[in-house]
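A quick write-up on the structure given underneath.
So you know, we letter chains A, B, ... as the sequences are listed, proteins then strands, and number each from 1. These numbers come from the heavy atoms of this one structure, side chains and all, not from hydrogens, waters or symmetry mates.
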Amino acid sequence: MTELRDARLKRALDHAPDAALRPSDATRAAIKSIASGANTEAGAGALPAPVQPAHSAPLWQRVARWWRAGESGSRHMPWNAALATVVLASVVTLMWFDQPVPQAVPDEVPAKAVEQSPAGGGVPASVPPPVVASDAQSPPLQEASPIRSRPERADLAARQARQPRPEPLAKVSGAPAETKTEAAPPRAAAPIAGREDSRNAAGVDRSNESVGLSAQTAVAPARSSLPAPAPAAAPAPAPAAAPMPAAAPAPTKALADMEERRVEGGLSAASRAPAMPSALDWSELSVQRPGSPLVLTSGQANRLLALLQAVNLRPAQAGDPVASAANRLELSRHGARVATLDLDERWLRWTPIGAEPGTVLTGRASVAQWQAIQDELARLGWPAP
Amino acid sequence: MPESDTSDHQLMLAYAAGDASAFDVLYARHEGALYRFVRRVLGPALAAQADEVFQDTWLRIVAARASFSPQGASWRTWAFTIAHNVAMDRLRVSGRELSMDSMGGDDPDDPLDWLQGALDAAHPSTEDLAFWRAAGRQLLACLEQLPAVQRAAFLLHHEDGASVEELARSLGLGFETAKSRLRYALQKLRGCMSAYLVVLEPRP
């Protein structure tokens, strides 16, 4: 007995009741079987039999062996899962075979309005962009309502003011659309006054890279002869066709600031004054000035309309000056006149056709507003009133 | 056919070379001791898993036949070390080792009173065989009260006959650590077995 080894405990351990314990026969047999089996495999490995290379076996044998190995365990790919994946992918592909690829739609614009805008009959591809900084709080567009509420109208005016302006008819009808859209210097290079001349001198138009403008120019040559060309030639959806403010061809900074002030002024005025119908309520704008017959679609005249809407209008009274019919704009929808707009010395008079007398609106534009209206009319190829 | 006096080392090498009968001799030679060791390390609580742990021990021995290298220790010590590791893994999984360690530990100041409650109050038999059988039964009960690491150290040292150096090397412990484990195990077991050991003391 030493310090760490006690013979008495060792003897007691030897005489413990479990001293004669043995593993079960099944355990013993299993151990010996495994040991002999391992040795057999090792022996086979030590003296490897001449193993035929895999490529020497017939193809059908290799395929059968490969298939059995795939069925037997998880070492290989689960073919049933792979087959199910292929079937599912095929079903999904067939389901979406004829469906258009969904595009990104902002949350603010209802999907219905977006879908109906290009084919709405009278609304060209250049529908105002759905997301503008000034209309973040405004309700979404409702195409079904003929008369819009003030926030909607102000929102529309602001968006229209930010859109690229359509080409003058003289330029559009004089050259193919493709040529104009290919070489397009920035519009910012054109001054405010004499802008038309500057563009003529350059021989090119301002840049309108957006799809909407391209669609407009594509239908422009036929517009001068047809009274009411349907905007179906511009099938681009509104979100793609509507240029965002950052990407739109911008005028000079001074012009942009001025327009911004006009629009803002228009917004504040529109919030107090009666409203003219928006561009969604008419499809054509015709000018009845003698010697200058001119028909514009709402897509071409939306900027002009935005400028006119910015003017503070009020119900007409008895003492208001009556503008001459010489400078009259007629708005129609599918050939039927909707309203007339008389322009005379900064005075505007809006007369709905068939409406009650109290619905006639009139107002006087500010100097800046009048100048902007004249510029726009000149840009559209119509001598200023 | 391996001779009966062939060493364990030679039997293992013969088995690794493909002699299946060498394994049978080796197995028969150490079956009982290894099984008892496994059974005692596991204790009564995990006695039902003794066969499984025992089989796993032999499977590891078989799997390690090609790389068998005693490195100074005997085959028996090597095999007992494998059995110890397998049994300790099983104890660790069952959570029994942790509870036992938290109960006992290696605190040298820990009194032996914790064993007193587990003492068998029965008096030893006057007959030698009956006495040692009773002592063995009591020792198994005392072993059950030991922490697993101390129990394994005691069993390896007394049943396998491994020296303290071999014990430390096989368990991956420092010499002093292995020695202290043995010392504490002996202290507790002697206290637990005092009723039997006092009879064996020479009377003045």
Contact class of B/R39 relative to chain A, heavy atoms under 4.5 angstrom: side chain
Distance-minimising heavy-atom pair for A/A30 and B/Q55: CB-NE2, 3.9 Å
Main-chain N/O of B/R36 paired to A/D18 side chain as donor or acceptor, under 3.5 Å: no
Donor-acceptor pair, side chain of A/R11 and main chain of B/G136, under 3.5 angstrom: no
Heavy-atom pair with the smallest gap, counting every atom of B/R40 and A/L13: NH2-O, 2.8 Å
Euclidean distance, A/R22 CZ relative to B/L34 CG, rounded to 0.5 Å: 11.0 Å
Per-residue contact mode, B/V164 against chain A (heavy atom under 4.5 angstrom): side chain
Proximal component of B/L139, with respect to chain A [non-hydrogen, under 4.5 Å]: side chain
Reported OG-to-OH distance for the pair A/S24 and B/Y35, which is rounded to 0.5 angstrom: 7.0 Å
Contacting moiety of B/L59, where chain A heavy atoms sit under 4.5 Å: side chain
Within-4.5 Å side-chain heavy-atom neighbours: B/Y27 and A/R28: yes
Side chain to side chain, A/P17 and B/R133, heavy atoms closer than 4.5 Å: no
Interatomic spacing from CD1 in A/I31 to CG in B/D56 - rounded to 0.5 Å: 9.5 Å
Options B/L155, B/L182, B/D51, ranked by heavy-atom pairs under 4.5 Å with chain A, top entry: B/D51
Side-chain heavy atoms of B/F154 within contact of A/L9, under 4.5 Å: yes
Chain B contact via A/A26 - side chain, backbone, both or neither, heavy atoms under 4.5 Å: neither
Portion of B/Y15 that has a non-hydrogen atom of chain A nearer than 4.5 angstrom: both
Identified salt bridge (charged side-chain N to carboxylate O under 4.0 Å, His left out) counterpart of A/D6 within the set B/R190, B/R183, B/K188: B/R190
Atom group of B/I61 that falls short of 4.5 Å from chain A, counting heavy atoms: neither
